Amino acid sequence: MAAPPLIILAGPTAVGKTNTALLLARAINAEIINADSVQVYKGLDIGSAKPAEQELALVRHYLLNVCEAHESMDAGIFVKLAGEAIDAITARGKNVLVVGGTGLYIKALLFGLAAVPAINPALRDELRLKLEQQGLASLRDMLAELDPEGAVRIRFNDKQRTMRALEVVLQTGHPLAYFYQSQVKKALYPYLLWGLELPRGELKERIAVRSRQMWQNGLLAEVEGLMAGGLDPKAPALSSLGYRQALAVALGQMNNDEALAQMINRTQAYAKRQVTWFKKMDGIKWVNPEKWEDMVEPSRDFLQTQSRKTIK
RNA sequence: GCCGGGGUAGCUCAGUAGGUAGAGCAACGGACUGAAAAUCCGUGUGUCGACGGUUCAAUUCCGCCCCCCGGCA
């Protein structure tokens with residue numbers, strides 16, 4: 001069976017993806033797959049700007065709340081779950097609308113990931129402990145020995161990529177580059193990519209307003225509740241924007257004002273990184289959310305053309 | 001009014017035994033292959049509070065003035 005066509009709606013945080021997605025989905029008979037790396041977690045609702053009940057009732061959503069807050073989501077799991085959701089939506093006779101701001105997830109879905117086996121969690125914990133106790137330099141030494149090419153390619157201070165390279169070579173005996181080689185780089189689905197955009201100043205203002213709202217709506221209480229439920233403060237989910245700052249307040253390391261100010265700053269910087277990422281994606285078409293109707297006809301045309309191809 | 005402390009990058013502050021200045025944060029640009037809302041990388045001209053004086057040369061020394069923060073009145 002041929003891969004079904006995907007309509008993708010990307011864009012920076014707070015640009016208005018949720019609302020625009022609902023309008024577009026209804027206009028093109030689509031259901032929505034979430035491609036946001038924080039909305040996948042259960043219990044992280046306020047700070048992740050998860051769609052509200054009423055919104056979820058309008059269009060069926062997939063990949064929200066698919067993992068526990070103490071678990072660790074990753075691009076590989078995302079691709080697998082998204083693939084299942086695409087099949088389910090197609091089987092229901094609906095079109096697929098992928099919506100989100102996580103560039104890596106969208107890229108991984110469209111172009112696939114290198115075939116690296118899943119890493120044993122115990123190994124990962126061991127490396128994290130080593131980083132904590134012996135410092136990054138000791139991990140770099142290990143990497144230089146086991147994967148010299150990777151040690152050159154990965155920036156010296158990049159602890160996250162250093163650990164990734166290490167866990168792969170330790171478990172599989174092959175450096176990451178070995179897996180990259182065998183990867184076929186072409187789109188796995190036909191796709192139409194929309195990017196939502198607003199003028200920088202306007203987007204920043206929306207981020208500030210929304211962050212204050214999240215704080216007022218109980219972001220701190222949400223985090224305290226998660227901790228009361230036994231969530232480890234080191235859980236990856238809590239390192240995300242807003243949650244990290246609320247956690248610092250809960251632990252008495254920061255006051256409310258500092259936390260909110262930092263949340264706003266970091267979120268604005270994040271929005272910029274998102275735009276940097278999406279700008280270089282092939283074929284992206286930028287649209288102001290107010291002009292969402294401009295997306296409807298081209299999207300329908302695209303879906304129709306693709307379905308004709310499939311029939312032939 | 002008097003006595004201290006201070007006025008240097010958007011913010012917090014270093015510094016220059018006189019040769020026009022630099023960190024952190026912010027900002028701006030970029031990277032990104034299973035934690036990605038993560039993790040990293042790059043970019044520093046600013047009347048050195050104002051005016052005058054000394055000097056080849058003053059943000060730095062001297063004089064005067066203005067402003068901020070303490071304390072005393």
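Chain letters run A, B, ... following the sequence lines, proteins first, then strands; residues in each count from 1. Being a predicted model, the structure only gives us computed values, none of them experimental. As a basis for the values below, the full set of heavy atoms in this structure was taken, side chains included, without hydrogen atoms, waters or symmetry mates.
- The residue A:Phe179 sits apart from the nucleic acid: no heavy atom pair falls under 4.0 Å.
- Using a 4.0 Å heavy-atom cutoff across all strands shown, A:Lys80 reaches no nucleic acid atom at all.
- Taking every side-chain heavy atom of A:Gln160 into account, B:A36 is the closest of B:A36, B:C32, B:A37.
- As rounded to whole Å, 14 Å separates atom C1' of B:U33 from atom CG of A:Leu109.
- With hydrogens and angles ignored, the 3.5 Å screen pairs a side-chain donor or acceptor of A:His61 with a backbone N or O of A:Val59.
- For A:Glu149 and A:Arg153, the salt-bridge test passes: some basic side-chain N is under 4.0 Å from an acidic carboxylate O.
- For A:Arg161, taking side-chain heavy atoms from C-beta onward, the closest of the listed nucleotides B:U39, B:G29, B:G34 is B:U39.
- Distance A:Phe278 CZ to B:G30 C1': 16 Å, rounded to the nearest Å.
- Spacing between atom CD of A:Glu167 and atom P of B:U33 amounts to 13 Å, rounded to whole angstrom units.
- Comparing B:U59 with B:C67, their P atoms sit 23 Å apart, to the nearest whole Å.
- The side chain of A:Tyr270 lies closest to B:A37, out of B:A35, B:A37, B:A31.
- In B:G34 the base sits syn relative to the sugar, since the glycosidic angle is no further than 90° from 0.
- The main-chain N or O of A:Ile264 is never found under 3.5 Å from a side-chain atom of A:Ser211 such that the two would form a donor-acceptor pair.
- A:Arg200 contributes no side-chain N or O that forms a donor-acceptor pair with the base of B:A27 under 3.5 Å.
- No aromatic stack links A:Trp277 and the base of B:C32, using centre distance under 5.5 Å and interplanar angle under 30°.
- Computed from coordinates, the A:Asp158 CG to B:A36 P distance equals 14 Å when rounded to whole Å.
- A salt bridge links A:Glu132 to A:Lys234: one of the charged nitrogens lies within less than 4.0 Å of a carboxylate oxygen.
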- Message: Walk me through whether A:Leu24 and A:Leu97 qualify under side-chain contact (heavy atoms from CB on, under 4.5 Å).
- Response: CA-CA 9 Å; A:Leu24 182 59; A:Leu97 179 60; 4.0 Å; yes
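- If you check every strand for non-hydrogen atoms under 4.0 Å, A:Gln183 touches a base.
- As judged by a 4.0 angstrom heavy-atom cut-off over every strand, A:Ala114 is placed among the base-contacting residues.
- For RNA chain B, the residues of residues 230-253 of chain A within the heavy-atom distance limit of 4.0 Å (strictly under) are A:Pro236, A:Ser239, A:Ser240, A:Leu241, A:Arg244, sorted by number.
- Residue contacts shown for A:Met73 are limited to sugar-phosphate atoms, with no base heavy atom under 4.0 Å away.
- A sub-4.0 Å separation between OP1 or OP2 of B:A37 and a side-chain N or O of A:Thr267 is absent.
- Along RNA chain B, the nucleotide nearest to A:Ala49 and the one nearest to A:Ile77 differ in position, and the one closer to the 5' end is contacted by A:Ile77.
- Taking a cutoff of 4.0 Å between a charged side-chain nitrogen and a carboxylate oxygen, A:Asp158 and A:Arg155 do not qualify as a salt bridge.
- The nearest whole Å value for the distance from the NZ atom in A:Lys279 to the C1' atom in B:C28 is 11 Å.
- In the set B:A35, B:G34, B:U39, the nucleotide with an atom closest to the side chain of A:Arg273 is B:U39.
- Residue-to-nucleotide contacts include no donor-acceptor pair under 3.5 Å from the side chain of A:Asp74 to the base of B:A36.
- Between A:Phe78 and A:Tyr105, the ring planes are parallel. Angles under 30° get that label, and only those over 60° would be called perpendicular.
- The residue A:Arg128 sits close to a base: some heavy atom pair falls under 4.0 Å.
- B:C25 and B:U43 have their P atoms separated by 14 Å, given to the nearest Å.
- In this structure, the CG atom of A:Leu166 is 13 Å from the P atom of B:A35, given to the nearest Å.
- Nearest nucleotide to the side chain of A:Arg266, out of B:U39, B:A31, B:A37: B:U39.
- Comparing A:Lys272 and A:Ser48 against RNA chain B, the residue whose closest nucleotide sits nearer the 5' end is A:Lys272.
- For A:Ser37, the listed nucleotide lying nearest its side chain is B:A37; candidates were B:G29, B:A35, B:A37.
- For the pair A:Leu260/A:Asn256, no side-chain contact is recorded, criterion being any heavy-atom separation below 4.5 Å from C-beta on.
- Taking only side-chain nitrogens and oxygens, A:Asn157 comes nearer than 4.0 Å to OP1 or OP2 of B:C41.
- One atom, CE of A:Met281, and another, P of B:A31, lie 13 Å apart when rounded to the nearest Å.
- Evaluated for a side chain to side chain contact (heavy atoms under 4.5 Å, CB included) with A:Val79, the options A:Asp74, A:Leu113, A:Leu188 yield exactly one hit, A:Leu113.
- The distance from atom CD of A:Gln39 to atom C1' of B:A38 is 16 Å, rounded to the nearest whole Å.
- Checking B:A37, B:C41, B:A26 against every side-chain atom of A:Arg155, the shortest atom distance belongs to B:C41.
- Dashed line: the shortest gap from a side-chain N or O of A:Lys107 to OP1 or OP2 of B:U33 is not under 4.0 Å.
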